[in-house]
Enquirer: 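Take this structure, written in structure tokens, and hold onto it; I'll ask about it next.
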Amino acid sequence: MDDVLQNIMDHAVAVAREAGQVVREALCDEKQRDVMTKSSTVDLVTQTDQRVEHLIIQSVKKKFPTHRFIGEESVAAGEACVLTDDPTWIIDPIDGTTNFVHSFPFVAVSIGFSVDKKIQFGVVYSCLEDKMFTARRVKEHSVTENHLMLFSSISDVRRSIIATEFGSNRETETVEKIFSSLRNILNIPVHGVRGAGTAAVNMCLVASGCVEAYYEVGVHVWDVAAGSVIVEEAGGVLMDVEGGPVDLMSRRIVAANNGTVAHIVKEIDAFSPTRDDAPPTQ
Ligand SMILES: O=P(O)(O)O[C@H]1[C@H](O)[C@@H](O)[C@H](O)[C@@H](O)[C@@H]1O
Ligand SMILES: [Mg+2]
Ligand SMILES: [Mg+2]
């Protein structure tokens with residue numbers, strides 16, 4: 001499986017880089033950044049998100065015709081979000097669409113690859129920074145990135161920077177929970193709170209030692225599938241926001257440099273969005 005998996009991963013890296021070029025070119029064309037909305041007025045999508053996902057899927061289908069897909073924009077168009085044991089590409093064509101629309105410099109193509117419901121490798125291409133983060137689930141750590149800094153060994157959360165996002169749900173109750181968690185984290189106190197505007201880049205910031213942890217409630221499996229293996233293979237830990245094992249379909253995640261910092265879970269005012277794999281409502 002090793003050579004076969006490496007061949008698949010090499011294709012993922014190549015198509016992520018090709019997709020990143022499309023994103024950079026689209027950034028210069030207002031029309032290709034025209035905004036449409038999905039679950040809320042601030043949950044944005046553009047024709048470029050859709051075009052990039054189509055490019056990736058068609059490219060993979062040519063080479064690996066039996067593989068399956070979970071793509072953010074395919075799910076938005078009504079495809080089921082169901083992870084089977086089959087080889088499955090979990091794709092966020094543009095992670096950081098709001099950043100893309102506003103030319104804010106953190107925009108990623110995120111590709112995770114799953115077999116037997118286990119993410120085997122992750123590729124996150126931060127295409128405006130031209131930073132390619134990859135990791136493959138093997139015995140030894142396999143994280144590669146052209147600028148990977150030292151992984152953070154900080155275990156005192158009062159000496160940490162924590163990353164999170166405000167998401168795209170503006171319902172009063174959700175916003176209250178988000179701010180309640182933020183207040184608790186700030187009052188630890190931590191050195192700072194940051195957000196790149198993309199879950200995938202936030203997870204790569206954990207893996208590259210720029211922040212000590214990232215948490216969010218409201219993400220989707222396509223936001224975090226690739227980053228999950230990049231964090232773990234860098235030596236980090238993943239947890240659910242209430243502690244316990246992470247469930248990538250639950251829309252809740254903590255990614256931390258170590259188990260100590262992961263204890264920020266006790267500060268998080270958790271809630272449970274509808275799971276990604278929940279059966280469609282009638
Ligand atoms: O940019 P997308 O792919 O939609 O993903 C982001 C999502 O829209 C935001 O609500 C989340 O807060 C981010 O973490 C995602 O990266
Ligand atoms: Mg995303
Ligand atoms: Mg996206």
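Just so you know, ligand 1 is whichever comes first in the structure, and atom 1 is the first atom listed for that ligand. Position 1 is the first residue of the sequence; numbering continues from there.
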Enquirer: Indicate yes or no: does an N/O atom of D223 lie under 3.5 Å from an N/O atom of ligand 1?
Expert: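 Checking ligand 1 against D223, an N or O pair does fall under 3.5 Å apart.
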Enquirer: Looking only at distance, does I94 have an N or O less than 3.5 Å from an N or O of ligand 1?
Expert: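 Indeed, backbone or side chain, I94 has an N or O that close.
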Enquirer: Considering only protein heavy atoms, determine whether one is less than 4.0 Å from atom 7 (C) of ligand 1.
Expert: no
Enquirer: Per the side chain to side chain contact (heavy atoms under 4.5 Å, CB included) rule, which among I264, I253, N202, V265 passes with Y215?
Expert: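 One option only clears the test, and that one is I264.
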Enquirer: Is any side-chain N of the basic residue among R136 and E233 closer than 4.0 Å to the acidic one's carboxylate O?
Expert: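 Here R136 does not pair with E233 in a salt bridge, since their nearest N and O are not under 4.0 Å apart.
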Enquirer: What atoms of ligand 1 come within less than 4.0 Å of a heavy atom belonging to G167?
Expert: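 Heavy-atom distances to G167 below 4.0 Å select 10 (O), 12 (O).
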Enquirer: D277 and L83: side-chain contact (heavy atoms from CB on, under 4.5 Å), yes or no, with the steps?
Expert: CA-CA 8 Å; D277 55 0; L83 189 58; over 6 Å; no
Enquirer: At less than 2.8 Å, would any N/O/S atom of I94, backbone or side chain, sit next to the Mg ion (ligand 3)?
Expert: yes
Enquirer: Do R252 and D247 sit within salt-bridge range, that is, some charged N less than 4.0 Å from a carboxylate O?
Expert: no
Enquirer: Tell me whether A199 has any N or O atom under 3.5 angstrom from an N or O of ligand 1.
Expert: yes
Enquirer: Using a 4.0 Å cutoff against the non-hydrogen atoms of S168, which atoms of ligand 1 qualify?
Expert: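 The list of qualifying atoms is 10 (O).
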Enquirer: Under 4.0 Å from a heavy atom of E165: which atoms of ligand 1 are those, numbered in the order shown and with their elements?
Expert: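 Ligand 1 atoms under the 4.0 Å threshold to E165: 12 (O), 14 (O).
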Enquirer: Show the numbers, then the answer: is there a side-chain contact (heavy atoms from CB on, under 4.5 Å) between V42 and T98?
Expert: CA-CA 8 Å; V42 296; T98 302; over 6 Å; no
Enquirer: Identify the closest protein heavy atom to atom 5 (O) of ligand 1: which residue and atom is it, and at what distance?
Expert: D95 OD1, 2.9 Å
Enquirer: Which angle, to 10 degrees, forms at the Mg ion (ligand 2) with OD1 of D95 on one side and OD1 of D223 on the other?
Expert: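 For OD1 of D95 and OD1 of D223, the angle centred on the Mg ion (ligand 2) reads 100°.
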Enquirer: Run the numbers for me: atoms of ligand 1, each under 4.0 Å from some heavy atom of D92, listed by number.
Expert: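 So the answer, numbered in order with elements, is 3 (O).
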Enquirer: Looking only at distances, can you tell me whether any N or O atom of G96, backbone or side chain, sits closer than 3.5 Å to an N or O atom of ligand 1?
Expert: yes
Enquirer: Taking side chain as C-beta onward, heavy atoms only, is L44 less than 4.5 Å from T37?
Expert: yes
Enquirer: Which atoms from ligand 1 have a heavy atom of E72 less than 4.0 Å away?
Expert: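 Answer, ordered by atom number: 3 (O), 4 (O).
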Enquirer: For atom 12 (O) of ligand 1, what's the nearest protein heavy-atom neighbour? Residue, atom name and distance, please.
Expert: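 Of the protein heavy atoms, E216 OE2, 2.5 Å lies nearest.
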Enquirer: Looking only at N, O or S atoms in E72, which is nearest to the Mg ion (ligand 3)?
Expert: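 Distance check against the Mg ion (ligand 3) picks out OE1 in E72.
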Enquirer: Determine, for K118 against D116, whether the closest basic-nitrogen to carboxylate-oxygen distance falls under 4.0 angstrom.
Expert: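 Judged by the 4.0 Å cut-off on N to carboxylate O distance, K118 and D116 do not form a salt bridge.
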Enquirer: Which is it for I185 and V193 under the side-chain contact (heavy atoms from CB on, under 4.5 Å) test, yes or no, and what are the steps along the way?
Expert: CA-CA 8 Å; I185 297 273; V193 175; 4.2 Å; yes
Enquirer: What atoms of ligand 1 come within less than 4.0 Å of a heavy atom belonging to T198?
Expert: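 Answer, ordered by atom number: 16 (O).
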Enquirer: Using a strict 4.0 Å threshold on nitrogen-to-oxygen distance, state whether E72 and K38 make a salt bridge.
Expert: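 Looking at K38 together with E72, the answer is yes, because their closest N to O distance falls below 4.0 Å.
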Enquirer: Do NZ/NE/NH1/NH2 and the carboxylate oxygens of D130 and R17 come within less than 4.0 Å?
Expert: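 Yes, this pair counts.
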Enquirer: What is the name of the N/O/S atom in D92 that sits closest to the Mg ion (ligand 3)?
Expert: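 Considering only N, O and S atoms, D92 comes nearest to the Mg ion (ligand 3) through OD1.
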Enquirer: Are F133 and Y125 near enough that their ring centres are under 6.0 Å apart?
Expert: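 Between F133 and Y125, the centre distance exceeds or equals 6.0 Å.
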Enquirer: List every atom of ligand 1 that sits less than 4.0 Å from any heavy atom of T97, numbering the atoms from 1 in the order shown and giving each element.
Expert: 1 (O)
